Amino acid sequence: MLRSSLLKAGRIAAALGRQPLNHPSGSVLVGSQCAWRDFSTNSHDIFNTHKHNADNNWETPFDFTDENYEIAAEILTNFPTNYKASAVIPLLDLAQKQNQGWLSLNAMNKVAEVLNLPPIRVYEVATFYTMFNRSKMGKYHVMVCGTTPCMLQGARKIYQTLKEHLGVDYGQTTEDGMYTLSEMECMGSCVNAPMIAVADYSGPSAKSFTYNYYEDLTPEDAVSIVDDLKAGKKPRVGSQHRDKAEPAGAIVDGKWVAQKEGQTTLTWDQPPGPYCRDLTDPPKEAAPEAKK
């Protein structure tokens, strides 16, 4: 049974490797049939399998820059010398930033070399965490939050608008190499839903990497943000319609609806209760029946 399951997984992985660009990342080609299936899209990758190609093979060069060797040495000072393996995640993150947002085979091998680890120990970490990308990325990795609060506030419209505007689906990269579009689960700013996160790998070094949240989005806001990034502008980070997370309004049907002056609740009216008693009042005497 295990053997047949592995063979089936291999056939699906091979089919995905032949998948044309205009197929969404959730479509699996098996033979002449196209079976639609949803995959976790927190990461750019569907299957964490390595396949040699022109950009990623044993001969593809990777070495840390002098600047990043210094950063790596500083990272290692945070761990006892006999626990250097604990630095595998920050060093993989450093390698990914240097390598324009993804981890090639030799980028992982270099991390293993620095930490004196068997390469498989590094591969296990890189393929487990969805923050690590195992295939080439765009300069801007645009991630749409797909968790319940964002979905309720219009994340599907954000996704559909970006999909149409960029011409790619989740897990795909635009032909000009500018954007990769993905879904991500809970970015932790639910009060400002819906939102996107953008990892910016366009800078010249790892130190120039940025990772920003853009919140309280209408579909038009999302398009404006990706267009500004391409034009080299710096779109406003955080909420697009309020200072932080104060009760000032909400996205309703894809539009920002401002709250009435003086309101302090997002229910738009007096809450229906039940209300807590005034804690400064003495407690009422229990009814005789309740005492029994």
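The model shown is predicted, which means the values in this text are computed figures rather than measured ones. Below, each value reflects all heavy atoms present in this structure, side chains not excepted, and no hydrogens, waters or symmetry copies.
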Pairwise distance [atom1]([X]) to [atom2]([Y]) - rounded to 0.5 angstrom:
{"X": "F132", "Y": "D93", "atom1": "CZ", "atom2": "CG", "value": "6.0 Å"}
{"X": "Y211", "Y": "M143", "atom1": "OH", "atom2": "CE", "value": "4.0 Å"}
{"X": "N192", "Y": "C145", "atom1": "CG", "atom2": "SG", "value": "11.5 Å"}
{"X": "I71", "Y": "D66", "atom1": "CD1", "atom2": "CG", "value": "11.5 Å"}
{"X": "K230", "Y": "K139", "atom1": "NZ", "atom2": "NZ", "value": "10.0 Å"}

Using only atom types and a distance under 3.5 Å, with no angle test, would you say the side chain of [X] pairs donor to acceptor with the backbone of [Y]?
{"X": "R156", "Y": "M151", "value": "no"}
{"X": "T60", "Y": "N57", "value": "yes"}
{"X": "Y140", "Y": "L229", "value": "yes"}
{"X": "S104", "Y": "N56", "value": "no"}
{"X": "Y179", "Y": "V226", "value": "yes"}
{"X": "N133", "Y": "G101", "value": "yes"}
{"X": "D221", "Y": "T218", "value": "yes"}

Residue pair [X] / [Y], side-chain heavy-atom distance below 4.5 Å:
{"X": "V125", "Y": "I89", "value": "yes"}
{"X": "H141", "Y": "W102", "value": "no"}
{"X": "N116", "Y": "K84", "value": "yes"}
{"X": "V88", "Y": "V122", "value": "yes"}
{"X": "F62", "Y": "L105", "value": "no"}

Using every non-hydrogen atom in the two residues, find where [X] and [Y] come nearest and quote the distance to one decimal.
{"X": "P194", "Y": "I158", "answer": "CG-CG1, 4.1 Å"}
{"X": "A193", "Y": "I251", "answer": "O-CG1, 4.1 Å"}
{"X": "T173", "Y": "K136", "answer": "OG1-O, 4.0 Å"}
{"X": "L91", "Y": "F64", "answer": "O-CZ, 4.0 Å"}
{"X": "A72", "Y": "L94", "answer": "N-CD2, 4.0 Å"}
{"X": "V144", "Y": "M187", "answer": "C-CE, 3.8 Å"}

Pairing residues for E113 by the salt bridge (charged side-chain N to carboxylate O under 4.0 Å, His left out) criterion, not counting sequence neighbours: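 E113 satisfies salt bridge (charged side-chain N to carboxylate O under 4.0 Å, His left out) with K110 once adjacent residues are dropped.
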Which one of M131, K97, M108 satisfies the side-chain contact (heavy atoms from CB on, under 4.5 Å) criterion with L92?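 Among the candidates, only M108 passes.
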Polar contact flag, side-chain donor to acceptor under 3.5 angstrom, [X]-[Y]:
{"X": "N99", "Y": "Y201", "result": "no"}
{"X": "E185", "Y": "T147", "result": "yes"}
{"X": "N109", "Y": "N106", "result": "yes"}
{"X": "S224", "Y": "D227", "result": "no"}
{"X": "Q98", "Y": "N68", "result": "yes"}

Determine which pairs satisfy side chain to side chain donor-acceptor pair (under 3.5 Å) with at least one residue from residues 70-80, sequence neighbours left out, and list them in order.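 Of all non-adjacent pairs touching residues 70-80, none passes side chain to side chain donor-acceptor pair (under 3.5 Å).
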